[in-house]
There are 2 protein chains.
Amino acid sequence: MKPGKRVTLADVAAHAGVDRSVISRVMNSDPGLNIRPETRVRVLASVKALGYRPNAAARTLRTRRSRTIGLFVPDHADPVYAEIVTGAEAAAAERGCVLVTGSGRVADSAQPYLDLLADGRVDGLLLAGGVTATPAALRESGMPWLLLNRSMADATRHVVLDDEGAAAMAVEHLVNLGHRRIAHLAGPDGSDTASRRASGYRAAMRRHGATPDPGLAVRADYTADGGFQAMTELLGRTPRPTAVFVANVTSAIGAVRAAYRCGVRVPSELSIVAVHDLPFAEYLVPALTTVRMPLQELGRRGVEKLTTTDPDAPVSETVGAPMELVRRESTAPPREA
Amino acid sequence: MKPGKRVTLADVAAHAGVDRSVISRVMNSDPGLNIRPETRVRVLASVKALGYRPNAAARTLRTRRSRTIGLFVPDHADPVYAEIVTGAEAAAAERGCVLVTGSGRVADSAQPYLDLLADGRVDGLLLAGGVTATPAALRESGMPWLLLNRSMADATRHVVLDDEGAAAMAVEHLVNLGHRRIAHLAGPDGSDTASRRASGYRAAMRRHGATPDPGLAVRADYTADGGFQAMTELLGRTPRPTAVFVANVTSAIGAVRAAYRCGVRVPSELSIVAVHDLPFAEYLVPALTTVRMPLQELGRRGVEKLTTTDPDAPVSETVGAPMELVRRESTAPPREA
DNA sequence: TTGTAAGCGTTATCAC
DNA sequence: GTGATAACGCTTACAA
């Protein structure tokens with residue numbers, strides 16, 4: 001209780017009149033412990049009375065478990081990753097862990113992340129991203145790590161979302177509205193989600209008898225500006241698409257702006273549907289039709305898999321939680337139908 | 001280098017043929033160390049050869065410093081707090097620290113946060129928020145903590161932004177455009193930033209000879225929905241304001257939507273300016289005029305103050321970095337002027 | 001049913 | 001200039 005003086009196991013032991021090891025075993029509910037009920041009560045009382053909390057560093061040193069997970073995202077300000085962090089945090093808390101977070105592109109060297117592992121600061125690493133390659137050092141380290149929302153052919157430890165499925169939902173929504181000339185505003189080159197959404201788009205197009213015209217696919221990074229540029233370019237092509245499936249909701253904000261800028265009305269002249277919902281998506285003008293993905297669940301599954309699987313075993317999971325097409329104002333039947 | 005076997009000080013010592021303590025002192029560049037250059041070289045070589053990294057837990061146990069800072073925000077998905085986290089992270093990294101982040105309203109009990117301190121997991125606590133009260137336990141703990149972006153009369157350890165100044169910039173912008181009937185879409189009751197922005201608004205109004213009409217102030221929480229509700233209410237009042245200063249940019253998104261819904265054109269019939277810029281603010285339709293605040297700098301200053309000040313000393317700083325009024329499309333001279 | 005003791009990997013204070 | 005050695009606070013065989 002005194003500020004500056006920490007209560008240690010020895011203090012509690014003295015207070016309860018037993019040995020330190022007894023306190024430890026009571027607190028960790030050691031199954032092979034046969035203790036007299038009255039002693040246990042006394043121990044618990046002393047713990048409470050002194051406000052004892054085990055020192056994390058000492059415990060970590062002894063047990064080699066920090067109960068800490070490292071989570072790296074490209075950018076905290078990206079709402080997509082904010083959701084993943086939220087989910088991961090909840091799952092971590094459920095198993096008594098905390099999250100050390102970091103942002104920035106996961107560079108090829110990966111040294112900063114591996115260092116956290118090497119220092120024993122974290123028990124495992126969740127790498128959410130991102131366009132970059134998975135460093136070989138990671139694969140060779142033999143330490144617990146997992147890729148989130150991106151997969152790598154040569155590093156099969158990842159959990160991802162059903163990006164193909166999301167693309168299919170979006171395309172089918174547009175097809176059902178009567179669209180045939182459907183463009184794709186794809187994600188950046190090298191992005192794993194981008195290529196899965198693009199292939200989902202192509203597959204869905206073919207399934208509906210619409211050949212995906214390569215002239216109707218254009219790349220943009222996952223930013224509003226990227227979406228703006230790409231959509232501006234797309235609108236210059238003839239004949240113009242009547243609808244566009246945008247791989248990312250932030251790009252879609254820029255895409256809507258570009259349409260507005262070019263005098264193309266959404267949705268009457270152009271329908272727009274994007275992957276990922278946003279808390280304020282329904283308040284945009286026009287309110288955006290989106291495919292809501294289970295991002296928090298992705299975060300959750302990440303920590304679950306990370307903490308429960310053998311670090312050497314391959315992990316390749318697609319989060320099963322349901323996606324949902326949220327119909328709002330940015331999609332409508334084509335005018336010229 | 002071997003996976004599974006960690007390199008320890010003893011290994012390096014054996015490899016270099018010196019004592020562990022020498023390695024330690026070299027690595028920590030102990031000033032009172034007089035070592036033969038060739039020995040130092042040998043030590044450094046061994047460290048590099050074995051890939052030695054000091055174990056964080058052991059070091060923390062010994063030094064009582066975890067080089068870890070706890071940062072709590074109400075919600076990772078709130079772009080305002082995402083910026084704060086980004087800034088804090090950078091500042092922490094500069095001093096060799098990592099950030100343990102957590103989200104959720106800081107409850108009155110605050111026990112989970114204090115526990116991190118008590119466990120020795122973090123060296124200090126940065127509490128960013130938020131509507132809630134500062135728990136007395138915090139003040140009494142004698143531990144390093146700091147409030148970010150909120151102040152409390154009875155707990156003078158905080159760093160905040162110049163909310164009054166931001167309000168003044170916004171109001172002056174509107175006044176300069178010719179507006180007189182300026183409403184305030186304020187933040188939620190109990191929010192510290194909300195009340196500072198509100199009083200900044202009132203002061204600026206008076207300074208410009210416009211009495212702030214209480215009928216032109218309405219509260220909303222810092223969400224798009226809150227802004228939508230409040231703006232809808234505001235637009236029902238007569239005579240209608242020609243401009244509104246919105247305390248938060250997320251609310252402003254909802255506010256714009258409400259105007260659109262009511263058939264009120266922005267900016268020709270109603271100007272809107274909000275506190276906090278957003279990466280995609282210029283892509284919204286209409287692009288939002290905002291007051292950009294130094295949010296990352298707030299995060300930076302938070303960790304700086306936390307790590308450099310005596311935990312018992314009062315801290316009351318307003319971040320000095322410049323704010324900027326970003327003129328875009330949502331403000332214009334009043335029509336009826 | 002409880003106590004003893006040996007570490008975990010550092011750092012810091014000495015002594016040589 | 002460098003080496004022993006004693007903590008730091010906890011866990012866990014094993015002994016009593």
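Throughout, protein chains are lettered first and strands after them, A, B, ... in sequence-line order, and every chain is numbered starting at 1. The figures that follow rest on heavy atoms only: side chains count, while hydrogens, waters and symmetry mates do not. On a predicted model such as this, the values are computed, not experimentally measured, just so you know.
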Checklist entry - Can you check side chain to side chain contact (heavy atoms under 4.5 Å, CB included) on A/Leu126 and A/Leu99, steps first, answer last? => result CA-CA 10 Å; A/Leu126 249 24; A/Leu99 240 45; 5.7 Å; no

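- Rounded to whole Å, the distance from CG on A/Asp11 to P on D/dC8 is 11 Å.
- Taking only side-chain atoms of A/Ser24, from C-beta outward, the nucleotide of C/dT10, C/dC8, D/dT12 with the closest atom is D/dT12.
- Between A/Leu9 atom CG and C/dC8 atom P there is a gap of 19 Å when expressed in whole angstrom units.
- At distances below 3.5 Å, at least one donor-acceptor pair connects side-chain atoms of A/Tyr81 with backbone N or O atoms of A/Gly129.
- Summarising the geometry, the separation between CZ on B/Arg65 and P on C/dG9 is reported as 23 Å, rounded to the nearest angstrom.
- In the model, A/Ser151 has a side-chain atom that pairs as donor or acceptor with a side-chain atom of A/Asp192 under 3.5 Å.
- Per the geometry, CE belonging to B/Met27 stands 17 Å off C1' belonging to C/dA12, to the nearest Å.
- Residue contacts shown for B/Asp30 are absent, as no nucleic acid heavy atom lies under 4.0 Å away.
- Per the geometry, CG belonging to B/Asn28 stands 13 Å off C1' belonging to C/dG9, to the nearest Å.
- Between B/Arg6 and B/Arg53 there is no side-chain heavy-atom pair separated by less than 4.5 Å.
- Listed nucleotides D/dC10, C/dG9, D/dC8 differ in distance to B/Arg64; the shortest reach to its side chain belongs to D/dC8.
- Partner of B/Val98 under the side chain to side chain contact (heavy atoms under 4.5 Å, CB included) criterion, out of B/Val122, B/Thr68, B/Ile69: B/Thr68 alone.
- Taking A/Thr101 as the reference, B/Thr101 meet the side-chain hydrogen bond (donor to acceptor under 3.5 Å, both in side chains) condition, with sequence neighbours excluded.
- Under the rule for a side-chain contact (heavy atoms from CB on, under 4.5 Å), A/Ala93 has no partner lying at least two apart in sequence or in another chain.
- Between A/Arg121 atom CZ and C/dG9 atom P there is a gap of 17 Å when expressed in whole angstrom units.
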So which protein N/O to nucleotides 2-6 of chain C N/O distances come out below 3.5 Å?
unit_1 : atom_1 : unit_2  : atom_2 : d
C/dT2  : OP1    : A/Thr39 : OG1    : 2.6
C/dT2  : OP2    : A/Arg36 : N      : 3.0
C/dT2  : OP2    : A/Thr39 : OG1    : 3.4
C/dG3  : OP2    : A/Asp19 : N      : 2.8
C/dG3  : N7     : A/Arg25 : NH2    : 3.1
C/dG3  : O6     : A/Arg25 : NH1    : 2.8
C/dG3  : O6     : A/Arg25 : NH2    : 3.0
C/dT4  : O4     : A/Ser21 : OG     : 3.2

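- Between A/Arg6 atom CZ and D/dC10 atom P there is a gap of 10 Å when expressed in whole angstrom units.
- In this structure, B/Arg59 atom CZ and D/dG9 atom C1' are separated by 18 Å, rounded to whole Å.
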